[in-house]
Amino acid sequence: MRIFDPHIHMSSRTTSDYESMYEVGVRALVEPAFWLGQPRTNVGSFTDYFDSLIGWERFRATQFGIRHHCTIALNPKEANDPRCSEVLDVLPRYLAKDGVVAVGEVGYDSMSAAEESVFARQLTMAVEHALPVLVHTPHRDKIAGTRRTLDLVRESGIAPELVLIDHLTELTVELVLGSGCWMGFSIYPDTKMDEQRMVSVLREYGTERMLVNSAADWGRSDPLATYRTGRAMRAAGFSLSDVDTVLWRNPVDFYAQSGRLMLEPLELSRPLDATFAGNSVLRGPRADRAAS
Amino acid sequence: MNGEVDGIHPWLVEAEQAIHGDPTTVHAFFPAVGRKVGREPLYPDTDPDGLIHGTVDDRGRARLLAVLADVLTPFRLAQEVIDLYRYGDSAERSGVLRALHLLPAGPGAGSIVENVRWIVEDALRTNDTRLVAAALGPFSARHLPAGSWRHGVLKCLFLGVPIDAIAGLQLRSDAELVRMVTDYAAERTSAGRAVPADAKRLLEAST
């Protein structure tokens with residue numbers, strides 16, 4: 001199984017997560033810019049965060065044989081804080097970077113006027129930079145929020161095939177199905193989808209334009225949720241090719257529209273389960289251990 | 001390759017002309033270099049990670065910076081170089097670091113050195129092997145204070161950056177560096193770990 005996790009917040013994860021992910025077949029991922037749990041209060045906190053997404057985290061991932069890409073945006077939660085609105089002014093610099101494969105996460109959280117204006121402005125930026133968009137749908141009032149999301153996307157004039165609507169459920173998938181946008185499902189314990197429900201959705205609606213992600217972050221979440229969904233698909237009778245479509249080809253096709261994917265395989269200088277045994281050649285590329 | 005001028009990628013030729021006409025266009029060209037000209041190491045056989053000699057995009061970015069150096073005053077040049085580093089991703093930062101020694105000395109030159117030295121110090125604070133390697137080029141050999149430079153060398157041994165990436169190693173190596181590396185080797189031995197081959201090389205060269 002080869003896996004592209006189209007939505008995972010690796011900055012919040014440990015090196016052993018990277019190792020487990022590599023072991024089950026994760027070879028590439030996208031880390032969307034989002035909030036950090038603790039609200040930020042100024043633009044500098046964002047630029048340091050964006051720098052780490054295109055710098056340190058990308059480097060860290062390569063040490064574990066995984067290609068790291070990211071999306072950049074002012075997220076809906078912090079769009080409500082006027083102290084963060086300057087972030088919009090620095091976005092163009094970041095949207096020009098290598099490995100920045102979409103504008104995101106944008107969308108609604110509480111469906112406020114501020115969120116709407118920041119969302120609309122960033123849809124325009126995506127058109128200007130010829131980039132896809134990753135759209136977060138709200139967890140509260142999800143159905144109404146998803147409808148309103150689709151309306152705003154339509155009004156923006158962006159091509160629907162450049163838009164991925166994320167965090168869908170059984171109740172919102174049909175709204176998006178006819179829109180031409182891609183459909184993302186986060187397999188996330190308690191608050192979002194689980195792998196059995198995901199399999200049912202795939203049975204009912206097929207695999208076209210369907211993406212599965214772990215959305216793993218600092219909350220109770222599972223960086224192997226993509227893999228577990230692949231296993232559940234196989235157990236339910238889906239072919240290896242179906243699994244590959246959902247877990248690799250679809251996310252690659254969606255983000256490849258940016259022209260910025262970097263999928264050349266990485267050569268690991270040693271098997272992941274080997275011990276270092278003080279070998280300087282092998283020790284070098286593994287920054288986490290070298291730093292300790 | 002089609003349209004190459006003296007072996008220079010045609011996209012670079014166009015970018016250089018555009019920057020010559022309007023230096024602010026460098027903001028769009030600089031991040032795009034890797035996508036346009038590639039990211040391979042310059043000497044893949046002897047330097048597979050590009051840590052010693054850099055990469056194709058490093059060399060491309062050096063050309064763009066050379067154009068800026070032609071058209072901007074020393075003060076504006078320093079500002080522009082700082083901004084390209086400050087807002088650059090790791091590849092852009094590496095490109096800036098590897099080109100610092102090519103910036104003109106010119107009248108009032110001391111100020112360019114003073115203004116951009118913090119860039120090298122910033123890169124040496126990271127644990128990104130590509131940045132640490134790029135930071136220890138000829139600019140640092142000439143302009144980095146001894147204390148920071150020695151710690152840069154030691155960091156290379158820690159991170160596995162080949163010491164061949166360090167410019168002027170023979171010339172700048174001193175008794176204090178040898179003491180630090182000797183202590184490091186003793187620490188490795190007492191922990192039951194092997195002493196990196198580069199540490200041994202460095203110590204042998206000093207005797």
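To find a chain, count down the sequence lines: A is the first, B the second, and so on, and within it residues start at 1.
- Only the side chain of A:Asp51 has a heavy atom closer than 4.5 Å to any heavy atom of chain B.
- At a 4.5 Å heavy-atom cutoff, the contact between B:Arg86 and chain A is made by backbone and side-chain atoms alike.
- Around atom CD of A:Glu264, more than 12 heavy atoms belonging to other residues, nucleotides or ligands sit under 6.0 Å away.
- The 12-atom threshold is not exceeded at NZ of B:Lys36, counting heavy atoms of other residues, nucleotides or ligands nearer than 6.0 Å.
- Heavy-atom neighbours of chain A within the stretch residues 139-154 of chain B, taken at a separation under 4.5 angstrom, are nonexistent.
- To the nearest 0.5 Å, atom CG of residue B:Asp89 and atom CZ of residue A:Arg93 are 12.5 Å apart.
- When B:Ala91, B:Ala28, B:Ala32, B:Gly88 are compared by the number of non-hydrogen pairs under 4.5 Å with chain A, B:Gly88 comes out ahead.
- Heavy atoms closer than 4.5 Å to chain B are found in the side chain of A:Tyr94, but not in its backbone.
- Distance check, rounded to the nearest 0.5 Å: OG1 of A:Thr62 to CG of B:Asp49 gives 9.5 Å.
- For the residue pair B:Ser90 and A:Gly55, the shortest heavy atom distance occurs at OG-CA, 3.3 Å.
- Between A:Phe59 and B:Asp128, the shortest heavy-atom contact is CD1-OD1, 3.3 Å.
- Taking every heavy atom of both residues into account, A:Lys97 and B:Arg35 meet most closely at C-NH1, 3.4 Å.
- Among all heavy-atom pairs drawn from B:Pro31 and A:Ala96, the shortest one is CB-O, 3.6 Å.
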